[in-house]
Amino acid sequence: MNKLKLAHLLLFVSIILLIINTYNLDFKNLQNGNYWGIVSNLLLMIGMIINIRDLNNREEHK
């Protein structure tokens, strides 16, 4: 599995985990919510988007 496919896979998995974490969030009592799962998924998604863009730029310049 090359790096680009792995980055896409991790991006897809992080989107699924973000949906699950948002679904499990208690909207009636937001002060007791654990937001670190959502924040970590967003950071992973941002990192994978940057990584995918970098890998695409490297392939174009070869």
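Given the structure is predicted, the values throughout are model-derived calculations rather than measurements.
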same_hphob_cluster(Ile15, Leu25) at 4.5 Å side-chain heavy-atom cutoff: yes

Would you give the length of the straight line joining atom CD of Glu60 to atom CG of Leu55, rounded to the nearest 0.5 angstrom? 11.5 Å

Let me confirm one number: the CH2-CG distance from Trp36 to Asn41, rounded to the nearest 0.5 Å. 13.0 Å

To the nearest 0.5 Å, tell me how far Arg58 CZ sits from Lys3 NZ. 6.5 Å

Hphob cluster co-occupancy, Leu44 + Ile19, side-chain heavy atoms under 4.5 angstrom: yes

So Tyr35 and Asn21, do their side chains get closer than 4.5 Å, heavy atoms only? no

Pairwise side-chain contact, Asn2 with Lys5, heavy-atom cut-off 4.5 Å (strictly under): yes

In short, Met45 meets Ser14 closest at the heavy-atom pair CG-OG, 3.0 Å

When you compare the side chain of Asn51 with that of Leu4, does any pair of heavy atoms fall below 4.5 Å? no

Check the hydrophobic clustering (I, L, V, M, F, W, Y; side-chain heavy atoms under 4.5 Å; chains of links allowed) and say if Ile49 and Ile52 are grouped together. yes

Heavy atoms from other residues, nucleotides or ligands near OH of Tyr23 exceed 12 (cutoff 6.0 Å): no

Determine yes or no for a side-chain-to-main-chain donor-acceptor pair under 3.5 angstrom, with Asp54 supplying the side chain and Ile50 the backbone. no

Enter the distance from Leu17:CG to Leu10:CG here, rounded to the nearest 0.5 Å. 10.5 Å

